[in-house]
Amino acid sequence: MKEKLVPMLPYAAFLAADFYLLPLLIQDTGSAMVLPLFLMPFAAFFCGVVWGLRRGFTPWLAAAAVLLFAPTILLYYNSTAWVYGPVYGLFVLAGCGLGGLLHKRR
């Protein structure tokens, strides 16, 4: 199990930066819409693709994304933002799937 989770640490750190640092850039309503709806999912998808290209498909990174996002609901958002966690997990899962397909073709 340790050999599966240790390589995930840089990717989890990237996702943590995505979920914890990007909301600090929110200044007005426009940025409050663009960041969680476009930039943060794109960064999560990108992270999943890179993981999939290097390590193949595994759902562990998607689960980590959901778990990493959960505390941000209390820090930055209100209770209606819980929907974003599973959605970001699906974006990471889709990225891992795409990266895993390309990983097999190498």
Side-chain angles (χ1 to χ4, degrees):
M1 184 74 163
K2 184 178 179 181
E3 53 275 346
K4 289 183 182 180
L5 295 180
V6 171
M8 190 188 315
L9 288 177
Y11 301 95
F14 179 82
L15 288 172
D18 180 24
F19 298 148
Y20 288 89
L21 297 178
L22 284 181
L24 296 174
L25 300 175
I26 294 175
Q27 295 178 354
D28 56 357
T29 305
S31 62
M33 292 292 115
V34 169
L35 281 169
L37 292 176
F38 297 107
L39 188 59
M40 291 171 68
F42 176 75
F45 180 77
F46 176 75
C47 183
V49 169
V50 172
W51 169 267
L53 282 172
R54 293 189 177 173
R55 307 287 296 181
F57 178 79
T58 56
W60 292 106
L61 189 63
V66 173
L67 291 174
L68 283 169
F69 182 77
T72 65
I73 296 168
L74 301 172
L75 291 173
Y76 300 116
Y77 310 110
N78 57 24
S79 61
T80 61
W82 71 268
V83 175
Y84 289 118
V87 170
Y88 292 153
L90 289 175
F91 271 96
V92 173
L93 196 63
C96 286
L98 177 64
L101 286 174
L102 297 174
H103 177 75
K104 288 182 181 179
R105 292 186 181 187
R106 281 191 197 184

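Below, each value reflects all heavy atoms present in this structure, side chains not excepted, and no hydrogens, waters or symmetry copies. Sequence positions, counted from 1, serve as the residue numbers for this chain.
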For [X] and [Y], which heavy atoms make the closest approach, and how far apart are they?
{"X": "His103", "Y": "Arg54", "answer": "CE1-O, 3.8 Å"}
{"X": "Gly85", "Y": "Val66", "answer": "O-CG2, 3.4 Å"}
{"X": "Gly89", "Y": "Ala62", "answer": "O-CB, 3.4 Å"}
{"X": "Tyr77", "Y": "Thr72", "answer": "CD1-O, 3.4 Å"}

* Side chains of Met8 and Trp51 in contact at under 4.5 Å (non-hydrogen atoms) ->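 Yes; the side chains approach each other to less than 4.5 Å.
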* To do: Check whether any side-chain heavy atom of Pro41 sits under 4.5 Å from a side-chain heavy atom of Val87, and report yes or no.
  =>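 Sidechains of Val87 and Pro41: no contact.
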[atom1]-[atom2] distance between [X] and [Y], expressed to the nearest 0.5 angstrom:
{"X": "Cys47", "Y": "Phe42", "atom1": "SG", "atom2": "CZ", "result": "12.0 Å"}
{"X": "Phe46", "Y": "Phe91", "atom1": "CZ", "atom2": "CZ", "result": "15.5 Å"}
{"X": "Leu90", "Y": "Cys96", "atom1": "CG", "atom2": "SG", "result": "11.5 Å"}
{"X": "Leu98", "Y": "Leu53", "atom1": "CG", "atom2": "CG", "result": "7.5 Å"}

Can [Y] be reached from [X] by stepping across I, L, V, M, F, W or Y side chains whose heavy atoms are under 4.5 Å apart?
{"X": "Leu37", "Y": "Val34", "result": "no"}
{"X": "Phe69", "Y": "Met33", "result": "yes"}
{"X": "Val49", "Y": "Leu93", "result": "no"}
{"X": "Tyr88", "Y": "Trp60", "result": "yes"}
{"X": "Leu74", "Y": "Met40", "result": "no"}

N/O donor to acceptor pairs below 3.5 angstrom from side-chain atoms of residues 12-28, sequence neighbours left out:
residue	atom	partner	partner atom	Å
Tyr20	OH	Leu68	O	3.0
Asp28	OD1	Ser31	N	3.1
Asp28	OD1	Ser31	OG	2.9

